[in-house]
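A note on names: the letters A, B, ... follow the listed sequences, proteins ahead of strands, and every chain is numbered from 1. It should be emphasised that the depicted structure is a prediction, and the values quoted were computed from it without experimental measurement.
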Amino acid sequence: MREFDRAVYRLVFQIPRGRVATYGQIAALLGYPRAARAVGAALKRCGPELPWHRVLNHGGGISLRANVAGMLTQRILLEREGIPLRRGRVDLKRHRWAGPRRRPKVTLPALEKI
DNA sequence: TCCGTGACACAAG
DNA sequence: CCTTGTGCCACGG
């Protein structure tokens, strides 16, 4: 297992139910803004425990071109968790994952007073 | 090590 | 809306 693949899986695993990300977004979040294709390649090799169906192409569509069964599967998995597809696309404006939450800084005003 | 292959992205026509 | 062409880069043979 390659480091890049592990990094992809680690991140994709964090995408919550009801949210989606794009291949390019995952790549960028990992620090490889031009490795979107490599993300797709990594997901092709991932196990079923990973929420791979939450990763879409730049237009919010499903990229499993030649795999009809896979496309249907991804669509079903998405709709099952409340992500609708209109004309074959997910509304990224509405469902895009914001990315992993960095640990909040602990400089709270309340603490300053103490 | 080199080379072809994409579950991509983006711009142009 | 297409469709094509180009850039990209990890992976596998």
Provide, to the nearest angstrom, the distance between the [atom1] atom belonging to [X] and the [atom2] atom belonging to [N].
X     : N      : atom1 : atom2 : value
A:L29 : B:dC8  : CG    : P     : 18 Å
A:R45 : C:dG12 : CZ    : P     : 5 Å
A:Y23 : C:dA10 : OH    : P     : 18 Å
A:L43 : C:dC11 : CG    : P     : 12 Å
A:Q74 : B:dA7  : CD    : C1'   : 8 Å
A:W52 : B:dC8  : CH2   : P     : 13 Å
A:Y9  : B:dA7  : OH    : C1'   : 12 Å
A:K44 : B:dA7  : NZ    : P     : 5 Å

Minimum heavy-atom distance between A:Q25 and A:W97, given as atom pair plus value: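 Result for this residue pair: NE2-O, 2.8 Å.
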
Closest non-hydrogen atom pair between A:R94 and A:R86, with its separation: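 Looking at all heavy atoms of both residues, the shortest contact is NH2-NH2, 4.0 Å.
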
N or O in side chain of A:R2 less than 4.0 angstrom from C:dA10 OP1/OP2: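 So the side-chain polar atoms of A:R2 never come under 4.0 Å of the phosphate oxygens OP1 or OP2 of C:dA10.
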
Short side-chain to backbone donor-acceptor contact, A:Q74 and A:L56, under 3.5 Å: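 Not at all, since once roles are kept as given, no pair shorter than 3.5 Å links the two residues.
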
Touch class at under 4.0 angstrom, heavy-atom based, for A:D5 against every strand present: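 Sugar-phosphate only.
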
Sub-4.5 Å side-chain heavy-atom contact between A:T22 and A:R96: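 The answer is yes; the side chains approach within 4.5 Å.
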
Options C:dA10, B:dG6, B:dA9, nucleotide nearest the side-chain atoms of A:F4: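 Nearest listed nucleotide: C:dA10.
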
Nearest-nucleotide comparison on DNA chain B, the residue closer to the 5′ end among A:H58 and A:L64: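 Between the two, 5'-proximity favours A:L64.
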
Side-chain donor/acceptor contact of A:R34 with base of C:dC8 under 3.5 Å: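 Result: no qualifying N/O pair found.
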
Euclidean distance, A:H95 NE2 relative to A:R54 CZ, rounded to 0.5 Å: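 Answer rounded to 0.5 Å: 12.0 Å.
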
Given DNA chain C, 5'-ward residue of the pair A:A35 and A:R89, judged by closest heavy atom: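 Nearer the 5' end of the strand: A:R89.
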
